[in-house]
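Please read the structure below before turning to the comments.
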Protein chains: 2
Amino acid sequence: MSSADPLEDAVRASKAPAIARAAAVLRLLGKRGSPMGVQAIARELGLVPSTCLYVLRALVAEELVAFDPDTKRYALDAGVLTLARAWLKRDQFNDLAQGPLDRIAREFGLTTLGVQIFGLDHIIVTAMSQSSQNFQLSTQIGSRFPALVSATGRCIAAFCDQDIADLRPRFDSLRWDEAPSWADWCAQVCEARETGVAVDAGHYISGVTVVAAPVWKNGADATGAPSHALVAIGIGAALRGELEGLKQALAGAARSLSEQLAG
Amino acid sequence: MSSADPLEDAVRASKAPAIARAAAVLRLLGKRGSPMGVQAIARELGLVPSTCLYVLRALVAEELVAFDPDTKRYALDAGVLTLARAWLKRDQFNDLAQGPLDRIAREFGLTTLGVQIFGLDHIIVTAMSQSSQNFQLSTQIGSRFPALVSATGRCIAAFCDQDIADLRPRFDSLRWDEAPSWADWCAQVCEARETGVAVDAGHYISGVTVVAAPVWKNGADATGAPSHALVAIGIGAALRGELEGLKQALAGAARSLSEQLAG
DNA sequence: ACTCATTGTTCAATATATAGAATAACATTC
DNA sequence: GAATGTTATTCTATATATTGAACAATGAGT
C-alpha cells in the first residue's frame with residue numbers, strides 16, 4: 001500500500017529521510033523563483049512545519065539556502081553553484097563533447113546540446129553550443145526533459161533493454177506539438193536502432209527539427225542503454241538539404257565520443 | 001567544549017544532522033574528481049560507514065549522486081546542475097550585473113566577475129565576462145575565495161561591522177603572492193571605504209591587478225556589509241594608464257546596481 | 001589455493017530526530 | 001484597539017535514524 005505522495009514514499013523508504021526532505025525543499029525553492037516562508041514550504045511539500053524549519057536551518061548552515069532575517073523568507077543560495085561547478089568540471093563527457101558540439105554548431109549554424117540520460121525517466125542538458133546568438137532556440141544547461149520525447153527519445157527507446165510495446169504507456173503520456181502515431185514512432189525507433197541517429201521533424205516543436213545520436217559511457221559494444229546523447233536543434237526549413245550531412249556528423253561525433261569514453 | 005572536527009560540530013548542533021552529512025559528502029565528491037567508495041568517504045569525513053551508506057543511498061535516490069553498480073563507486077550527479085541553474089536564473093544580482101560586466105570587460109579588454117559575499121568568510125563567483133578568450137585569467141563561476149583576500153577583501157574589510165584591528169588574525173592567515181604589510185593593508189582598506197573602490201596591484205597574484213567595488217542588496221545607504229561586489233581582473237602592466245578610468249567605471253556600475261537592487 | 005585484509009552490507013539496541021500541540025510574534029481586519 | 005487569522009518558533013514524548021558490531025564479498029599477497 002503506497003502513498004499517493006512521492007515525497008512521502010521517498011521519506012518512508014529511506015534510512016535518511018531528512019535528505020529526501022532537504023532535496024525536495026531545494027527543488028521547490030528552485031522552481032519558485034521567489035523566497036518562501038516556512039509554512040508555505042511545509043504546506044506545499046506536506047511536511048510538518050517544525051520539521052521543515054529544522055531542515056531549512058540545516059540547509060542554511062550549509063549555505064545551500066539563504067535566509068533573510070527581516071522577511072523570514074528562504075531561497076536558494078550560491079552553495080549549489082559550487083557543487084554544480086565541481087560536477088561540470090569532472091564529467092569527462094562534457095569536456096570531450098564540447099569540442100564536437102562547437103564544431104557542429106558552427107558548421108551547420110544551429111544549436112547543439114549534450115545531454116545525460118536518466119533511464120526512461122528524463123534527460124538533463126549538460127553541455128551546449130550556440131552558433132547564432134540572435135536565435136535563442138533550445139534551453140539552458142541543467143534543463144530537464146522527459147526521456148522519450150523528441151529525437152533523443154527515439155534513441156533511448158531504440159537502445160533500452162525493454163520491449164518497445166512496454167513503452168506504450170510512457171509514450172501516451174508525452175506532450176508533443178504534433179504527436180506522431182504509435183506506429184510511426186515505432187518505425188522511427190527501429191530506424192534509429194539501425195542507423196544510430198534519430199530525427200524529430202517538427203513533432204516535438206512545430207517547425208523545429210531535432211537530431212540526436214546516442215553515446216555510451218562504456219563503449220558502443222555494450223548492449224545496455226546509452227548514457228548520454230548529442231543533440232542538434234535547428235529550424236526545419238533552414239536545414240532541409242543539410243539534414244543528411246548533419247545526421248552523419250552527429251552520428252560520427254557520437255561514435256567517436258563513445259570510443260573515447262570507453263577507455 | 002567543541003570538537004576539532006567542523007563537520008562533527010555541525011552535526012551535533014543541528015536537529016537534522018543527516019543534511020549536514022549529506023552536504024559534506026557532496027562537497028567531498030565535488031572536490032575529488034574521481035568516484036569514491038563508501039569506506040573512503042566515511043573515513044575522510046569521520047562518518048560511520050553504515051551511516052555513510054544510507055546517506056549515499058538517499059542522495060542517489062535524489063539524483064544528486066551517481067552510483068556505479070559495477071565498481072560500487074559514488075560520484076556527483078547532474079541533479080546538482082538543475083538546482084544551480086534555478087539559482088542563477090532567479091538571483092536579481094546576476095541578471096542586472098551581467099550587462100555592466102560585459103560592457104566593462106569589452107571596453108577595457110579584461111575579465112570581470114560578479115561575486116556574492118558570505119560575511120567575513122568567503123566569496124563566490126556568480127557571474128563572469130571575458131573579453132579576450134585567448135587569455136584565460138581568473139576563474140570559473142562557482143569558485144570560492146577567502147573573503148579578505150585581494151581587492152574584494154579590502155572592500156569587505158572596509159564596510160564590515162567589525163573594528164579593523166579585530167581582522168588581524170584573519171589577515172594573517174591569508175595567502176598572497178606578495179603579501180602587503182598590515183599597515184599598508186589598513187591604509188588601503190580606509191581608502192576603499194572613502195572611495196568605494198579597492199585595488200590590489202599584484203599582491204594577490206604577481207603582475208595581476210584586481211579592482212573591486214562593493215554592491216549592497218538593500219541600497220547603499222545601509223551601514224551593514226555589502227552583499228555582492230563587482231570585480232575586474234587584468235594584467236597590471238597592460239592597464240597602467242586606464243586604471244583610474246576602470247576604477248570609476250566599476251564604482252559607477254556598482255553604485256547603479258545597488259540602487260537597482262534597493263527597490 | 002589459502003590466507004589476510006580489505007571492501008560493501010545487514011542488523012538490532014539506543015541515542016535522537018521528528019511530530020504535534022502549545023507558545024509567541026506578527027499582521028490584518030473589524 | 002481589541003480580535004482574529006496568520007506567522008515563526010519552542011517543547012516534549014515517541015517513533016526511528018544512527019551506531020557499532022557482525023556478516024558477506026571481493027581482491028591482494030604469499
Side-chain angles (χ1 to χ4, degrees), chain A residues 1-3 5-26 28-29 32 34-62 64-75 77, chain B residues 1-3 5-26 28-29 32 34-62 64-75 77:
Chain A
M1 178 147 130
S2 77
S3 157
D5 185 349
L7 173 56
E8 200 172 324
D9 290 347
V11 164
R12 294 202 115 79
S14 169
K15 292 243 177 190
I19 294 174
R21 283 189 277 257
V25 167
L26 290 175
L28 176 64
L29 291 176
R32 308 289 168 85
S34 46
M36 300 177 72
V38 178
Q39 304 268 2
I41 298 170
R43 208 170 327 108
E44 192 91 12
L45 298 174
L47 295 179
V48 175
S50 63
T51 302
C52 188
L53 180 69
Y54 296 139
V55 168
L56 284 166
R57 288 223 253 249
L59 288 172
V60 168
E62 301 299 333
L64 296 173
V65 165
F67 175 58
D68 185 343
D70 297 331
T71 64
K72 311 236 176 198
R73 296 263 128 90
Y74 299 83
D77 203 353
Chain B
M1 179 147 139
S2 76
S3 158
D5 186 350
L7 171 56
E8 200 172 323
D9 290 347
V11 165
R12 294 201 115 80
S14 168
K15 292 244 179 190
I19 294 174
R21 284 190 275 259
V25 167
L26 289 174
L28 176 63
L29 290 176
R32 307 289 166 89
S34 46
M36 300 178 72
V38 176
Q39 303 269 359
I41 298 169
R43 211 171 325 110
E44 192 88 14
L45 297 174
L47 296 179
V48 175
S50 62
T51 302
C52 189
L53 179 68
Y54 296 139
V55 168
L56 284 167
R57 288 221 251 251
L59 289 172
V60 168
E62 303 298 335
L64 297 172
V65 165
F67 174 58
D68 184 344
D70 297 331
T71 64
K72 309 235 175 198
R73 295 263 130 91
Y74 299 83
D77 204 353

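Proteins come first, then strands; the chains are lettered A, B, ... in the order of their sequence lines, and each starts at number 1.
Among the protein residues, B/Arg73 comes within range of no part of the nucleic acid, since none of its heavy atoms lies under 4.0 Å from any strand. If you check every strand for non-hydrogen atoms under 4.0 Å, B/Arg57 touches sugar and phosphate atoms only. Note on A/Val38: only backbone sugar-phosphate atoms sit closer than 4.0 angstrom, heavy atoms only; bases stay farther off.
Put simply, B/Arg43 has a side-chain N or O that comes within less than 4.0 Å of OP1 or OP2 on C/dT7. Within the structure, a side-chain polar atom (N or O) of A/Lys72 is placed less than 4.0 Å from OP1 or OP2 of D/dT9.
In this structure, CD1 of A/Ile41 is placed 12 Å from P of D/dT7, rounded to the nearest angstrom. Between the OH atom of B/Tyr74 and the P atom of C/dT7 there is a distance of 14 Å, rounded to whole Å.
Nearest heavy-atom pair across A/Leu29 and A/Tyr74 is CD2-O, 3.5 Å.
A donor-acceptor contact under 3.5 Å is not formed by the side chain of B/Ser50 with the base of C/dG8.
Side-chain contact between B/Val55 and B/Val25: present, with at least one pair of heavy atoms (C-beta onward) separated by less than 4.5 Å. Within the 4.5 Å cutoff, the side chain of A/Lys72 has no heavy atoms near those of the A/Val38 side chain. By the 4.5 Å heavy-atom criterion applied to side chains, B/Leu47 and B/Arg21 are counted as neighbours.
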